[in-house]
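Each residue takes its place number in the sequence, starting with 1. Just so you know, ligand 1 is whichever comes first in the structure, and atom 1 is the first atom listed for that ligand. It should be emphasised that the depicted structure is a prediction, and the values quoted were computed from it without experimental measurement.
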Amino acid sequence: MSVSTRIDNKIGWVTIDNPPINNTSQIVRAGLLSAVSKMDLAGVQVVILSCAGKTFVTGADVKEFAKAPIAPHFPDVLTAIEEAHAPWIAAIHGFALGGGLELTLACSYRIADAEAKLGLPEVKLGLIPGAGGTVRLPRLITPEKALEMIAGGKPISATRAADIGLVDGITKESLDRASLSLAKRILTEPKPIPLSKKSPRKLDNPSGWKEAISNVKSRSRGQNSIVSAADALDRSLTLTGKKALMAERKSFLSLKDDPQSLALRHIFFAERGVGKSVRTDGQTAANITRIGVIGGGTMGSGISAACLMVGLHVKMIERNTEAAAIAAIRVDKILSGAKDRGKMTTKTKAEAMKQLESTTRYSALSDVDLVIEAVFEDMDVKREVFDRLDQVTRPDTILASNTSYLDVAVLAKNTQYPDRVIGLHFFSPAHIMKLLEVIVPNDASGRAVATGIALGKRLRKISVPSGVCDGFIGNRIMSAYRREADYMIEDGALPLEVDAAMRAFGFQIGIFQMQDLAGLDIAWAMRQRKTESLPTSERYVAIADRLCEAGRFGRKSGKGWYDYTKDPRGEVDPEVTKIIEDESAAKGIKRISMSEDKIMSRILNVMQVEGQMVLKEGIAATSEAIDVVMVNGYGFPRWRGGPMFIATKS
Ligand code: NAD
């Protein structure tokens with residue numbers, strides 16, 4: 001039974017039980033509709049609506065979106081609840097998301113437990129709320145706050161929900177008891193007017209509203225659902241509730257068939273499926289409580305902070321005491337940032353810092369369960385580190401490298417127990433970026449692999465298994481399109497044009513801007529190391545080398561592909577243009593201009609060709625895995641679904 005009812009002393013209890021996440025599939029919608037009739041017939045004075053299991057309703061059944069809508073339709077169910085004889089109270093625990101939050105808005109009161117989260121994330125699936133979210137929400141909270149929730153799609157905490165008037169109360173005790181006492185308090189009160197029959201709330205800042213709407217639209221970077229969400233909300237303020245509901249539904253149904261929504265749903269399912277196909281040989285993950293991190297630089301400090309934030313003990317090893325002290329300060333700074341963003345409190349931050357030991361002593365690693373090496377990207381340095389790890393760690397401690405390109409299997413071969421070695425390729429900043437490539441050498445044990453995946457889950461990352469090759473899935477494909485971008489600037493485009501084409505496609509920044517951000521020196525050093533092994537037949541573009549020879553290492557040196565000395569956003573530098581044109585001339589290339597479309601089609605094409613090779617070689621298990629990597633690690637616009645998804649559509 002997905003929806004059960006009981007009546008106790010004129011108070012009705014309606015419970016949704018549709019595991020695992022109580023979504024509003026057809027059986028729940030039908031159950032709710034029949035619960036409304038039952039409660040009305042029984043003449044109850046108030047109804048308490050709650051959910052069994054870990055959470056309140058977390059939204060629609062996304063799989064149903066691909067089919068024709070089946071009755072009863074959710075908006076009709078919500079209208080029935082709104083028009084029920086008795087007031088309904090939504091008792092919220094866990095998440096009330098999408099249709100879940102819309103369900104609470106059809107109720108007369110909302111009460112939440114202190115840990116609950118509430119949100120309308122529809123835009124993330126290329127949709128807008130389709131059952132009154134854009135209509136009822138601005139009739140409960142101010143339109144500005146509604147805009148933030150609907151166009152941003154991020155859930156808010158119960159405390160914030162209480163502050164802005166989205167819930168009538170929060171409780172730290174039993175939700176049932178709290179809802180019952182609210183029910184008893186309102187027994188004699190008249191039923192409040194349903195939200196859809198009310199006028200919208202007054203704007204906080206009437207003269208700033210149009211600008212707020214246009215700001216949201218201009219930040220959408222081509223995502224239709226964000227624009228439609230802002231429009232629906234704006235419209236809802238001028239229409240009657242009834243008309244606004246009809247207009248919202250129309251917009252929702254047309255977005256359901258929008259290619260952007262199909263792409264976003266593709267990536268939604270891809271992210272959920274991607275870690276499941278990994279080879280663990282039936283073995284289970286090791287229990288992890290203590291972690292060693294070697295190197296406390298950019299990545300090591302970020303990885304340490306990420307681990308501390310989920311309650312792990314971290315022993316961070318640096319080269320000397322000064323470096324160890326600086327590394328600890330880096331971690332402290334990251335955690336302070338997390339505190340400022342509301343991810344930690346002063347107390348939890350202090351507790352986390354107590355779990356950190358920053359030291360030079362490798363012997364401190366004798367009791368750790370897993371080590372993540374994040375020292376310089378140099379095989380000799382890494383080999384030496386693995387030698388020492390081999391001596392000081394327990395034989396069952398899993399050893400992982402955060403290398404970006406190097407061969408993890410070679411590192412493994414150097415150790416006494418190669419089957420315990422894997423790669424854990426974090427992205428920068430490691431405490432924020434969601435992607436984790438779990439690199440699986442052929443000899444790795446199922447236990448080591450399962451542990452890598454489990455750690456990713458604990459850190460709330462999206463773990464994508466990858467085989468071993470130069471650059472794994474992501475950096476390998478990125479190197480390919482970076483190479484193509486180099487070809488294009490030698491053939492006639494300018495860095496600004498390539499970057500503009502990528503931004504117009506939906507990337508936040510272009511490939512040359514990205515290189516300036518990361519620094520040009522590391523790739524330069526890598527190219528110098530590899531020059532001898534390059535086949536002479538392969539086209540080589542030396543423009544980036546010329547930039548480095550001129551001391552242009554990117555933002556950190558004030559100049560790179562762009563000049564940052566006057567404008568921190570970067571300006572085109574005639575010196576770079578001259579270097580580019582001279583290189584083309586030296587090779588006898590007659591430069592030709594390229595349109596944005598041409599530039600993007602060349603970039604997409606190499607992504608797809610390299611992606612096919614990655615698949616063929618078994619480096620990625622599925623094309624979905626490639627899309628997940630490119631979207632979550634390389635800024636590929638999510639609403640386009642990823643390069644491989646696009647290839648299936650063309
Ligand atoms: P970094 O230079 O910021 O930090 C490296 C740290 O390692 C330094 O603090 C250094 O003192 C320390 N170190 C060097 N040798 C050591 C040793 N023998 N024992 C202990 N500590 C030692 O470099 P980073 O950017 O953090 O990169 C580290 C690794 O992560 C590299 O393999 C890199 O390819 C990889 N990576 C980097 C990024 C990125 O965006 N920076 C992203 C993913 C992976």
Q | Shortest protein heavy-atom distance from atom 15 (N) of ligand 1, along with the residue and atom involved | A | Arg319 CD, 3.5 Å

**Q.** Greater than 12 external heavy atoms within 6.0 Å of Lys349's NZ
**A.** yes

Q: Look at ligand 1 and say whether Lys382 reaches it with a heavy atom at a distance under 4.0 Å.
A: yes

Q: Give the residue and atom name of whichever protein heavy atom lies nearest to atom 4 (O) of ligand 1, and the separation in Å to one decimal.
A: Gly297 CA, 3.3 Å

Q) Any idea which protein heavy atom is nearest atom 34 (O) of ligand 1, and the distance to it? A) Ser404 OG, 2.6 Å

Q) For ligand 1, is there an N or O atom under 3.5 Å from any N or O atom of Glu318? A) yes

**Q.** From Ala374, Ala323, Gly296 - option closest to atom 5 (C) of ligand 1 by heavy atom
**A.** Ala374

Q | Qualifying residue, where the test is side chain to side chain contact (heavy atoms under 4.5 Å, CB included) with Ile511 and the options are Met488, Met502, Glu484 | A | Met502

Q.
Out of all atoms in ligand 1, which are within 4.0 Å of some heavy atom of Phe376? Include the element for each.
A. 2 (O), 5 (C), 8 (C), 10 (C), 14 (C)

Q: Mind checking the CD-CD1 spacing from Glu610 to Ile626? Nearest 0.5 Å is all I need.
A: 9.5 Å

Q | Which of the ligand 1 atoms, numbered from 1, are nearer than 4.0 Å to a heavy atom of His425 | A | 43 (C), 44 (C)

Q: Could you tell me which atoms of ligand 1, counted from 1 in the order shown, lie closer than 4.0 angstrom to a heavy atom of Gly295?
A: 7 (O), 12 (C), 21 (N)

(Q) For Glu549, is the CD atom crowded, meaning more than 12 foreign heavy atoms sit under 6.0 Å from it? (A) yes

Q) Among Asp378, Ile326, Val375, Leu517, which one has a heavy atom closest to atom 29 (C) of ligand 1? A) Val375

Q: May I have the step-by-step check of ring-ring contact (aromatic ring centres under 6.0 Å, His included) for Phe636 and Phe505, ending in yes or no?
A: CA-CA 9 Å; Phe636 195 96; Phe505 183 77; 5.5 Å; yes

Q) Quick one: nearest non-hydrogen protein atom to atom 26 (O) of ligand 1, plus distance? A) Met299 N, 2.8 Å

(Q) What protein heavy atom lies closest to atom 3 (O) of ligand 1? Include the residue and the distance to one decimal. (A) Thr298 N, 3.0 Å

Q. For ligand 1, which atoms sit closer than 4.0 Å to a heavy atom of Tyr362?
A. 17 (C), 18 (N), 19 (N), 20 (C)

(Q) Looking at Arg341, I want to see if its CZ is surrounded by more than 12 non-hydrogen atoms of other residues, nucleotides or ligands under 6.0 Å. (A) yes

(Q) Can you name the atoms of ligand 1, numbered from 1 with element, that are less than 4.0 Å from a heavy atom of Ile294? (A) 19 (N), 20 (C)

Q) So, is Glu377 polar-close to ligand 1, with some N/O to N/O distance under 3.5 Å? A) yes

(Q) Considering non-hydrogen atoms of the protein only, which is the closest contact for atom 30 (O) of ligand 1, and what is the distance? (A) Asn402 ND2, 2.9 Å

Q.
Do Arg539 and Tyr487 form a cation-pi contact, if we require the NZ or CZ to be under 6.0 Å from the six-membered ring centre and within 45 degrees of the ring's axis?
A. yes

Q) OG1/Thr397 to CG/Asp367 distance, rounded to the nearest 0.5 angstrom? A) 8.5 Å

Q.
Show the atoms of ligand 1 that are less than 4.0 angstrom away from any heavy atom in Ile317.
A. 20 (C), 21 (N)

Q: Answer yes if a protein heavy atom lies under 4.0 Å from atom 23 (O) of ligand 1, otherwise answer no.
A: no

Q: Check the surroundings of atom NZ in Lys587: do more than 12 heavy atoms from other residues, nucleotides or ligands lie under 6.0 Å from it?
A: yes

Q.
Can you confirm whether Asn287 is buried at CG, in the sense that more than 12 heavy atoms of other residues, nucleotides or ligands lie under 6.0 Å from that atom?
A. no

Q: Look at the rings of His266 and Phe645 and say which category their plane angle falls in: under 30° parallel, 30 to 60° tilted, over 60° perpendicular.
A: parallel

Q) Counting only heavy atoms not in Asp387, do more than 12 sit closer than 6.0 Å to its CG atom? A) yes

Q) Where is the nearest protein heavy atom to atom 43 (C) of ligand 1: which residue, which atom, and how far? A) Phe426 O, 3.1 Å

Q | Heavy-atom pair of closest approach, residues Ser463 and Ile453 | A | OG-O, 3.8 Å

Q | Proximal ligand 1 atoms for Thr403, defined as those under 4.0 Å from one of its heavy atoms | A | 32 (O)

(Q) Starting from atom 18 (N) of ligand 1, what is the nearest protein heavy atom, named by residue and atom, and what distance separates them? (A) Val385 CG2, 3.6 Å

